[in-house]
Amino acid sequence: MIMRILIITLHSIYNPGSALQAYGLQQFLLQEGYNAEIIDYRPMYSTIGKNKLKGIIRKIMFFRNEKKIKKRYNEFVSNNLILTKKYRTYSQLLSDCPKADVYIAGSDQLWNMSYDCGKDDSYYLKFVTNGRKLSYATSIGKRDISEIEVKRIQELTSDYYSISVREKSTGITLSKRLQREIKWVCDPVFLLPKTQYEKMTKKILMEPYAVIYLSAESDLLEAVIRDIREKLRCKIVLLGGNRVRCDCDIHIKDAGPEEFLSLLKYAEIVVSSSFHATAFSLIFHKKFGVILPKGNGERIESLLELSELKSRIIGKEEDFSGLYSKIEYDTRDRFINSFVCESKDYLLRSLND
């Protein structure tokens with residue numbers, strides 16, 4: 001009898017990394033022969049954002065653009081993910097818990113208590129009363145984890161068969177404080193081969209361009225852009241967001257997951273403060289640079305440490321020259337592939353033991 005697995009994760013928010021990590025985990029399990037579905041949990045807060053008032057104002061002010069984004073994400077989910085019936089609240093999940101042999105709290109920042117999802121018992125599988133529970137590559141998103149947060153995680157995961165996380169330091173910290181093994185594993189997007197993502201891409205822009213993604217406004221970012229213009233003589237494409245946050249030639253506001261992949265794959269260079277933009281820069285063998293987000297860069301640093309590419313972090317103007325240096329991807333791929341194989345083995349053992 002085929003094992004049925006249900007995954008709860010952030011699969012339907014309008015963020016390409018969230019959609020693609022959900023796709024990566026489910027596709028890997030399906031290809032391994034499991035019956036894997038994603039619990040279609042869509043709490044009301046999930047499309048508003050951290051700041052509720054700003055989220056509502058954004059939806060009103062940028063209604064047309066928000067409508068286009070919603071359409072693209074709904075199409076991606078409909079075409080690529082296998083879902084259960086829809087749930088809106090924890091109480092709905094509790095009263096009508098979908099049945100499975102194994103339940104997985106999936107990747108992304110599910111347990112980051114700076115966000116609503118980290119405070120939501122649903123993402124800790126609290127509604128499950130019968131069946132094996134485990135987490136895969138769940139992220140807390142920060143290096144410093146308070147005692148209150150540790151206690152909450154300990155209480156809500158005491159019945160988990162195994163726990164794995166996406167940041168190396170989180171694994172070390174929680175292993176010590178929870179007195180159990182917390183495994184550091186790769187993000188689900190690495191579970192699939194590059195060719196599977198390449199099938200989703202197409203060339204959107206015909207002339208050479210650099211991608212700027214999710215970088216906050218800063219003098220450093222503007223200096224990076226000036227340097228790229230001077231060195232590469234290419235267009236600057238700002239990807240995402242409703243307003244222009246930097247000097248750019250093209251602002252693409254309504255990209256979905258497939259447009260995100262396409263623009264990264266064909267870019268001359270990628271500059272971001274995003275974990276998944278960094279991950280796909282590695283997967284597609286791009287030249288790239290990272291401006292670490294304030295207070296939330298641990299998951300990116302873990303990935304760059306693994307691939308021995310912390311030199312791609314841009315912290316000052318002296319770091320700009322590293323943007324254009326060739327990356328020996330044969331070597332980097334060996335580091336990453338070894339880690340991916342270890343992560344796959346760990347996940348499959350957790351399912352089958």
Side-chain angles (χ1 to χ4, degrees), residues 7 9-31 36-38 40 42 46-47 49 62 64-83 106-109 137 186-215 234-242 248-288 303 340:
I7 304 159
T9 189
L10 301 174
H11 67 288
S12 63
I13 64 173
Y14 304 149
N15 177 285
S18 297
L20 290 164
Q21 62 81 24
Y23 170 78
L25 181 55
Q26 184 177 54
Q27 281 295 308
F28 172 71
L29 294 172
L30 290 171
Q31 290 166 18
E37 291 182 61
I38 293 171
D40 196 9
R42 304 191 190 203
S46 61
T47 58
F62 303 103
R64 289 184 181 178
N65 189 49
E66 292 283 321
K67 188 176 179 181
K68 286 181 186 177
I69 291 172
K70 181 178 180 180
K71 182 175 184 293
R72 282 185 164 155
Y73 275 87
N74 286 346
E75 286 175 353
F76 178 84
V77 169
S78 177
N79 294 334
N80 294 286
L81 302 182
I82 302 170
L83 307 176
S107 184
D108 227 343
Q109 297 192 63
C186 72
D187 186 90
V189 299
F190 289 104
L191 298 175
L192 302 179
K194 175 172 66 173
T195 51
Q196 197 154 342
Y197 297 114
E198 288 178 327
K199 291 175 184 176
M200 296 181 177
T201 67
K202 61 182 179 182
K203 204 163 189 178
I204 296 172
L205 301 172
M206 296 303 115
E207 52 194 328
Y209 62 91
V211 163
I212 309 295
Y213 181 67
L214 289 182
S215 291
C234 64
K235 298 287 187 184
I236 302 296
V237 175
L238 174 62
L239 176 56
N242 285 305
C248 64
D249 301 294
I250 302 168
H251 183 195
I252 298 178
K253 303 176 184 179
D254 56 357
E258 291 176 351
E259 292 75 23
F260 170 82
L261 289 176
S262 297
L263 288 162
L264 262 59
K265 175 175 168 49
Y266 292 103
E268 299 293 312
I269 199 165
V270 178
V271 176
S272 80
S273 56
S274 155
F275 174 85
H276 282 107
T278 305
F280 281 105
S281 294
L282 290 167
I283 290 169
F284 289 143
H285 291 183
K286 308 307 297 183
K287 291 181 179 178
F288 70 95
L303 179 57
V340 170

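Values in this document were obtained by computation on a predicted structure and should not be read as measured data.
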Taken to the nearest 0.5 Å, the spacing of Ser12 OG from Leu83 CG works out to 8.5 Å
Quick note, side chain to side chain donor-acceptor pair (under 3.5 Å) partners involving residues 205-214, not counting sequence neighbours, are none
Practice problem: Could you tell me how the ring of Phe280 sits relative to the ring of Phe260: parallel (under 30°), tilted (30 to 60°) or perpendicular (over 60°)? | Solution: perpendicular
Sorted by chain and number, sequence neighbours left out, side-chain contact (heavy atoms from CB on, under 4.5 Å) with Glu258 holds for Phe76, Asn80, Met200
Residues at least two apart in sequence or cross-chain that pass salt bridge (charged side-chain N to carboxylate O under 4.0 Å, His left out) with Glu259, listed by chain then number, are Arg72
Quiz item: Are any side-chain N or O atoms of Asp249 and backbone N or O atoms of Ile236, one a donor and one an acceptor, separated by less than 3.5 Å?
Solution: yes
The reported gap from CG in Leu239 to NZ in Lys253 (rounded to nearest 0.5 angstrom) is 13.0 Å
side-chain contact (heavy atoms from CB on, under 4.5 Å) filter on Ile250, not counting sequence neighbours, yields Leu205, Val237, Ile252
By side chain to side chain donor-acceptor pair (under 3.5 Å), Thr9 pairs with (sequence neighbours left out) Gln21
Counting C-beta onward and ignoring hydrogens, is there a side-chain heavy-atom pair between Phe288 and Leu282 closer than 4.5 Å? yes
- Residues Leu30, Ile82; criterion side-chain contact (heavy atoms from CB on, under 4.5 Å); working and verdict: CA-CA 10 Å; Leu30 290 171; Ile82 302 170; 3.8 Å; yes
Residues at least two apart in sequence or cross-chain that pass ring pair (Phe, Tyr, Trp, His ring centres under 6.0 Å) with Tyr266, listed by chain then number, are none
On a heavy-atom basis, the closest approach of Cys234 and Ala210 is SG-N, 3.8 Å
Hits for side chain to side chain donor-acceptor pair (under 3.5 Å) against Gln26, two or more places apart or cross-chain, chain-then-number order -> none
For residues 263-285, the salt bridge (charged side-chain N to carboxylate O under 4.0 Å, His left out) pairs (sequence neighbours left out) are Glu198-Lys265
CG of Leu25 to OG of Ser107, rounded to nearest 0.5 Å, is 8.0 Å
Those residues at least two apart in sequence (or on a different chain) that pass side-chain contact (heavy atoms from CB on, under 4.5 Å) with Glu75 are Lys71, Asn79
Taken to the nearest 0.5 Å, the spacing of Thr201 OG1 from Lys203 NZ works out to 11.0 Å
Hits for salt bridge (charged side-chain N to carboxylate O under 4.0 Å, His left out) against Lys202, two or more places apart or cross-chain, chain-then-number order -> none
Between Tyr73 and Ala255 the two heavy atoms that sit nearest each other are CE1-O, 3.8 Å
NE2 of His251 to CG of Leu238, rounded to nearest 0.5 Å, is 4.0 Å
So the salt bridge (charged side-chain N to carboxylate O under 4.0 Å, His left out) pairs with at least one residue in residues 15-27 (sequence neighbours excluded) are none
In this structure, OH of Tyr23 is separated from CG of Leu20 (nearest 0.5 Å) by 9.0 Å
Those residues at least two apart in sequence (or on a different chain) that pass side chain to side chain donor-acceptor pair (under 3.5 Å) with Asn74 are none
Check step by step if side chain to side chain donor-acceptor pair (under 3.5 Å) holds for His11 and Asp108. CA-CA 9 Å; His11 67 288; Asp108 227 343; over 6 Å; no
